[in-house]
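A quick write-up on the structure given underneath.
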Number of protein chains: 2
Amino acid sequence: MAKTDVLTLAILGILRDQPLHGYQIRKRLGAELGPFRALSYGSLYPCLRRMVEAGLIEASGEEPAGSSSASSRRARIAYSLTDPGRSRLSEELANAGASSWDDDAFDVRFSLFAHTDAATRLRILEGRRSRLSERLEEVSDGLKRMHERHDAYTAELQRHGLEQVEREVQWLDRLIENERSARGGENNGSAPADH
Amino acid sequence: MAKTDVLTLAILGILRDQPLHGYQIRKRLGAELGPFRALSYGSLYPCLRRMVEAGLIEASGEEPAGSSSASSRRARIAYSLTDPGRSRLSEELANAGASSWDDDAFDVRFSLFAHTDAATRLRILEGRRSRLSERLEEVSDGLKRMHERHDAYTAELQRHGLEQVEREVQWLDRLIENERSARGGENNGSAPADH
DNA sequence: GAACAGTTATATCGCTCCGATACATCGGGA
DNA sequence: TCCCGATGTATCGGAGCGATATAACTGTTC
C-alpha cells in the first residue's frame, strides 16, 4: 500500500528545497532529467491533485476568486511540502528495493543521490547493474539463436542495443568504484564528500 | 485521419510473412526489438481487436464453441493480414514523415527496413539524426547553463545522457554512409543488396 | 501413472501517462 | 498599438502497462 510512483517521488524531490508552481516544476524536472522523459501537463496536474489529496503537498495559492476586488490577480499556485510529504520523501530515499532500479525509476532516484546516504546509493547502483546484466545475457543469447531468421537490419538493431547496454554497465562500474573508494571517512554521506 | 499507431504498424510488419497467434506476436516482437520495449497483453489484445474491426487483419480461429462435440479444442486464434492490411502496410512503409523518427517509432520502422525502399531508408535515418542533433544541443546548452545550480550527481546524469545520444548519432552516421555507398546499382532496394 | 512445474494461450480491469488543446496573463519589441 | 512568445493552469480522449484470472498442453520426476 501507499506505493509512491516515480512522478510523485520526483515532485517530492524537487519541492524539497523551495515551493514551486506547476509550470516551474515541469521546467526543472525537464532540465534535470534531460529532454527525454519530458513530462506533460496531462501527467503533472493530476499527480499534483493526488498529492494534495494525500496530504503530501500543500497549495498556497494566491486565489483569484476576488469577486469585486479590483486587481483580479491571476491564479498562480505554489506547492510546498507538508510534514507528511517530507517524511515520505526521506522514507522513499532510504528505500533501496527493486523498484529503485527499474528503467523508469532509476534516473529519478539517481538525480536525488545528493540527498541519499552512501550505503543506499551503492545498493541502488549495484541493483541497477545486475538488472542490466540480465538484459545483456538475454540479448546476446537472442543474437546467437537468431543467426537463422535474421535480416541485416534487425541484427544491426540488436547489436546496437547490446552496445548501448554495455556502455551503461561500464558507466555504472565507474560510479560504483567511485562510491567504494570515497567511503574512506564518511559512512553517512548525506551530501557527497568530494568536489 | 487513419493515423496508424506504432503498435499497429509493428503487428502489420510481423504478420507480413506468416499468420501468427497473439502469443507468438508478442514473443517475436520482443525478440526483434529487444527486452526493452516489452509489449504487454494489455496493449496487444485490444490493439488486435481494433485492427480486426478496422479490417486490417483477420482472425482465423479454430473456434472452441463446439457445443456437444467431443474434443472441445482450446481457443487458438491465428491472425493474418487482409488485402487492406497489406496495402496499409506498404503505404506506411513508404511514409518517411516526422512520425517515422520519433523515439517510440524509429526502432519499429528500422526493424522493417528490409522491406523499405532505399530512398525512404535514407530519409528516415537522416530525419532521426537531425532529431537527435537538436537534443544534443539542448542538453549541452543545459549543461553549460547549469554550472551554477548543480550537484555532482545531476551533472553526471546529464553527462551520461549526452554521451549516449552522441553514440547514437555516430551509429546513425555509419548507417547513413553505408546506405549512400550501397546505392551504386540499385535505386529500389526492396531487399538489401549486400550481405 | 500421478503430481507438479513451466510454457503456451486468451482476456480484462484499473490506472498512469501522454499529446493535443484551450484558456488567460504578462513583458517586450516592431 | 498590436502581436508574439513566455508563463501559467487545466482537461479530454485514448494508448499502454502491470497485475491478474483462467485453462490446456508438455515434460519431468518419483
Side-chain angles (χ1 to χ4, degrees), chain A residues 1-11 19-31 33 35-54 59-66 70-79 98-99 102-105 108, chain B residues 1-11 19-31 33 35-54 59-66 70-79 98-99 102-105 108:
Chain A
M1 319 305 163
K3 274 218 320 202
T4 311
D5 62 297
V6 210
L7 185 46
T8 299
L9 174 59
I11 293 175
L20 290 173
H21 300 165
Y23 192 85
Q24 293 172 316
I25 292 174
R26 190 181 120 99
K27 277 194 71 179
R28 290 277 181 102
L29 239 40
L33 302 177
F36 356 82
R37 194 151 310 301
L39 176 59
S40 81
Y41 293 121
S43 331
L44 178 59
Y45 285 105
C47 182
L48 285 173
R49 202 188 314 123
R50 283 196 303 272
M51 289 172 75
V52 169
E53 275 162 22
S60 64
E62 305 116 67
E63 60 271 6
S71 67
S72 94
R73 289 282 290 116
R74 177 69 196 299
R76 305 172 85 246
I77 305 161
Y79 295 93
S99 55
D102 272 350
D103 281 333
D104 53 340
V108 171
Chain B
M1 320 306 165
K3 273 217 321 203
T4 311
D5 63 295
V6 208
L7 185 47
T8 299
L9 174 60
I11 294 175
L20 291 173
H21 301 166
Y23 192 84
Q24 294 172 315
I25 292 174
R26 189 180 121 99
K27 277 195 71 179
R28 290 278 180 103
L29 239 40
L33 302 177
F36 354 82
R37 187 135 339 282
L39 175 59
S40 82
Y41 293 122
S43 329
L44 179 59
Y45 285 107
C47 183
L48 285 172
R49 204 188 313 121
R50 284 198 302 274
M51 290 174 73
V52 169
E53 274 161 23
S60 63
E62 305 116 65
E63 60 271 4
S71 66
S72 93
R73 289 282 292 119
R74 176 67 196 300
R76 306 172 85 246
I77 307 162
Y79 295 93
S99 55
D102 273 348
D103 281 333
D104 53 339
V108 172

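If you're wondering where the values come from, they're calculated on a predicted model, not measured in any experiment. Just so we're on the same page: letters track the sequence lines, and every chain starts at 1.
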In whole angstroms, the gap separating C1' of D/dT7 from CD1 of A/Ile25 amounts to 14 Å

A/Arg28 CZ to D/dG8 C1', in whole Å, measures 16 Å

Interatomic distance, CG@B/Asp5 vs CZ@B/Arg50, rounded to 0.5 Å, equals 5.5 Å

Those residues at least two apart in sequence (or on a different chain) that pass side-chain contact (heavy atoms from CB on, under 4.5 Å) with A/Ser43 are A/Leu7, A/Leu39, A/Ser40

Would you please confirm or rule out a distance under 4.0 Å between OP1 or OP2 of D/dA6 and any side-chain N or O of A/Lys27? no

Rounded to whole Å, the CG-C1' distance (A/Leu7 to C/dC18) equals 12 Å

So, do B/Leu29 and B/Val108 sit near enough that their side-chain heavy atoms are less than 4.5 Å apart? no

When the rotation axes relating C1' atoms of four end pairs to the next four are compared across the helix from C/dG1-D/dC30 to C/dA30-D/dT1, five pairs an end, they differ to 10° by 30°

Taken to the nearest whole Å, CG/B/Asp103 to P/D/dG16 is 15 Å

A/Leu20 atom CG is separated from D/dG8 atom P, nearest whole Å, by 10 Å

Sorted by number, residues from residues 42-54 of chain B placing a heavy atom under 4.0 Å from DNA chain C are B/Gly42, B/Tyr45, B/Arg49

note: A/Asp104, atom CG; C/dC18, atom C1'; distance rounded to Å ~ 15 Å

Those residues at least two apart in sequence (or on a different chain) that pass salt bridge (Lys or Arg N to Asp or Glu O under 4.0 Å) with A/Asp104 are none

Residues passing the side-chain contact (heavy atoms from CB on, under 4.5 Å) test with B/Ser99, sequence neighbours excluded, are B/Asn95

### Task
Would you indicate, yes or no, if C/dA11 has its OP1 or OP2 atom less than 4.0 angstrom from a side-chain nitrogen or oxygen of B/Tyr41?
no

Between A/Leu44 and A/Gly22 the two heavy atoms that sit nearest each other are CD2-O, 3.3 Å

Of the candidates D/dG18, C/dT7, D/dG8, the side chain of B/Ser40 sits closest to D/dG18

note: B/Arg26, atom CZ; C/dA11, atom C1'; distance rounded to Å ~ 13 Å

To the nearest 0.5 Å, atom CG of A/Leu20 lies from atom CZ of A/Arg26 at 14.5 Å

B/Tyr23 meets the side-chain contact (heavy atoms from CB on, under 4.5 Å) criterion, sequence neighbours left out, with B/Lys27, B/Tyr41

Atom CD of A/Gln24 and atom C1' of C/dC26 are separated, to the nearest Å, by 15 Å

*Any side-chain heavy atom of A/Ile77 within less than 4.5 Å of one from A/Leu48?*
no

